[in-house]
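Please read the structure below before turning to the comments.
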Protein chains: 2
Amino acid sequence: MKQPAKLKDVAERAGVSPAAISRFLNGSLLLPEATVSRIEAAIAHFDYRPNPHARRLSLGRSDTIALVLPEIGNPFFAELAAAAEEAASEQGLGVMLFATGNRRARELEYLARLGSSDVDALLFVTNLTDDDGALASAIGRAARVVLLDEDVPGTSVTKVFCDNEAGGRLAARAFLEAGHRRLVYIGGPRDLMSSRERGAGFRAAAREAGLAEAAVTEFYGDYSLAHGRATAEALLADGAPPTAIFASSDQVLLGLLPVFRAHGVRVPADVSLVTFDDVAPLDFFDPPISAIRQSISDMGRTGVERLVALIRGENTPAEILRLPIEFVARASVAPPRGDGKFQENSTWRPR
Amino acid sequence: MKQPAKLKDVAERAGVSPAAISRFLNGSLLLPEATVSRIEAAIAHFDYRPNPHARRLSLGRSDTIALVLPEIGNPFFAELAAAAEEAASEQGLGVMLFATGNRRARELEYLARLGSSDVDALLFVTNLTDDDGALASAIGRAARVVLLDEDVPGTSVTKVFCDNEAGGRLAARAFLEAGHRRLVYIGGPRDLMSSRERGAGFRAAAREAGLAEAAVTEFYGDYSLAHGRATAEALLADGAPPTAIFASSDQVLLGLLPVFRAHGVRVPADVSLVTFDDVAPLDFFDPPISAIRQSISDMGRTGVERLVALIRGENTPAEILRLPIEFVARASVAPPRGDGKFQENSTWRPR
DNA sequence: ATCGCTTCGTAAACCGCTTTATCGAGGGGG
DNA sequence: CCCCCTCGATAAAGCGGTTTACGAAGCGAT
């Protein structure tokens, strides 16, 4: 396996200077037909490709963006990554992938790569809530960062979020229209913007519909199976369980479901359910679960779009974009039963 | 925002030459305490980080690997990406992410990046089956490629696959032990190694158990919802449907399920089901679906491990690794019913 | 013949780091 | 006292592009 050809080799074979080739390739030099074809022949002969490191060093940019995510395996982030990669690739940008695993040190480290021009810009998602200011200031310092999905308070970069509050409202409205009067919201972390906003929208819509404040109960925790499971169990232990539950994420829903099934609680006969995200294959659940869907790929694409604007130097003012949200009606919402109580050991298929 | 400091700045402040700093940082120069602390102070003062492009140009390597996948959103590949990123990161390697979208041209393009030392090595997954030799020869030329999940015939690089055949056998065995005698395998593409091997293992185990050749029917197509759906419908239209179905992937299963549900076919009362991969949240299905599970993260980690060996220049011989497979028993396999026929409009919860 | 304007290029600096000699100073041995 | 070795560095040549600034032809006009 021999060395890849360098500019000099091509230049010699084409009988011109390296500069000529470089300028020709980058469009800063127009050449007559004869020279062009000699150059092209030489390039083809060596299968020449400019050394990217040399190019990047010289140009001072990498044509690469970083995608920083809490984790990659999670379908939500995976879809985000897919959309971002596709959008970036269309712009001729490479994507470096970094998982922080929710470690603050990692987040800061990847942010620092921006400074050394390792990457030209950063698409950043964090769901850590305990920032002592270090993260916010690192982001502020970095420029060319776009925040996705969750906020980092105290930063003024471009941010792309979904309309969490509208989502919460849609969920409440679905329940209210079906006649429910006792609602529960199972949130994620109380300090996380998305979790708070979804709850706020849910609560607001209920109140606007005339429900008393006590009619909607909120449980905060985290976006996890365990939190869903624990809350479901607490709900079952309670004497007067709700007839409608809004899960703040598919993860929470996934925790809920087996508990209900094990106790013979039927969906939607005993309890109506709506979840947020719509990233799990909810169509295939039994019953299919209604969901508030956010377009993750829009988020990824939009993020890249803004990033590209930043890179190209268009001085786009930092702004907060709210992506629209949609209610996907499936079979998990029905009118409440008269007695408003779960029926243990019902005929609903126990596991 | 001022320019990041360069080696020269640090050197001047520390009162030594740039070479000294570089060598010190790379461990090729031992220095007395006093100098060390001056250097460290200077580095801290500037928050100096070596320019990665300059470093890579000089070193001729990028400390970065590429992960080339058909698509990223698919949970299977997402999990693979997560594992690979984690393993790479532990080795101090960055990961560039590329989705080919099953386009041959993309695959070749990303392979070409290896030549220009854009990345040091490639973790490659393809599920295209129509190679005319271009891909195989590009891979052969590339060196420092590890193939994951699916084979590219005619290449002799290191490959990491799961034990598809053993998986097929486990599926058959589960059915046979439950007493089934009419088995169906819904495969993916006939030309894809994984699909073929899973079918072969399934068939072999059935035959070894004494079943007639006609007792197991195979349907090839692709790893898709649509193929699952179509096959399910064909099966239902048939007069003598099987009592046990082995889906070659979760996607296929996901196509199957709604068709059965719509027709009132009960799982496992009417038909027993086993799927392959275990990447969908099968625990949460009703009933939970038994699966052949492959450890995707092992595959990612192992792939990176071999890649690192290649990069470090250890002359590891190219070999084919087969990762173990596991049967995850859930509730979707039961003894067949006497009559061996689906019961239309049964009491099984229709959608 | 000369001026001036295109056209078609080229020379050389530069991007920032790594590394291969090489070198001065100090210390120990003969 | 001199030689040689070790310690503590450094100068300078890459790595392979890009770009700025400049220049040699060629040619029409004066």
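The figures that follow rest on heavy atoms only: side chains count, while hydrogens, waters and symmetry mates do not. Chain identifiers are assigned alphabetically (A, B, ...) following the order of the sequence lines, protein sequences preceding nucleic acid strands; residue numbering begins at 1 within each chain.
Scanning both residues, B:Ser117 and B:Gly60, for their nearest heavy atoms gives CB-O, 4.3 Å. Heavy-atom minimum distance, A:Pro18 versus A:Ala11: N-CB, 3.5 Å.
Rounded to 10 degrees, the angle between the two end axes of the helix from C:dA1-D:dT30 to C:dG30-D:dC1 is 70°, with five pairs used at each end.
Listed by residue number, B:Leu31, B:Pro32, B:Thr35 are the residues of residues 30-37 of chain B with a heavy-atom contact under 4.0 Å to DNA chain D. Taking a 4.0 Å limit (strictly below) on heavy-atom distances, residues 53-61 of chain B reaches DNA chain C at B:Ala54, B:Arg55, B:Ser58, B:Leu59. The stretch residues 38-50 of chain A comes close to DNA chain D through A:Tyr48, A:Pro50, each having a heavy atom under 4.0 Å from the strand.
Classification of A:Lys6 and A:Asp9 as a salt-bridged pair fails, no side-chain N sitting under 4.0 Å from a carboxylate O. The pair B:Asp120-B:Arg113 fails the salt-bridge criterion, with no side-chain N (NZ, NE, NH1 or NH2) lying under 4.0 Å from an Asp/Glu carboxylate O.
The salt bridge (charged side-chain N to carboxylate O under 4.0 Å, His left out) contacts involving residues 91-103 of chain B comprise nothing, where partners must be two or more places apart or lie in separate chains.
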Which pairs, protein N/O on one side and nucleotides 20-25 of chain D N/O on the other, fall under 3.5 Å?
unit_1, atom_1, unit_2, atom_2, d
D:dA21, N6, A:Arg23, NH1, 3.3

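Contact check, B:Asn26 against C:dT18: a side-chain N or O comes under 4.0 Å of OP1 or OP2.
The listed nucleotides are C:dT18, C:dT10, D:dG16; the one nearest the side chain of A:Lys6 is D:dG16.
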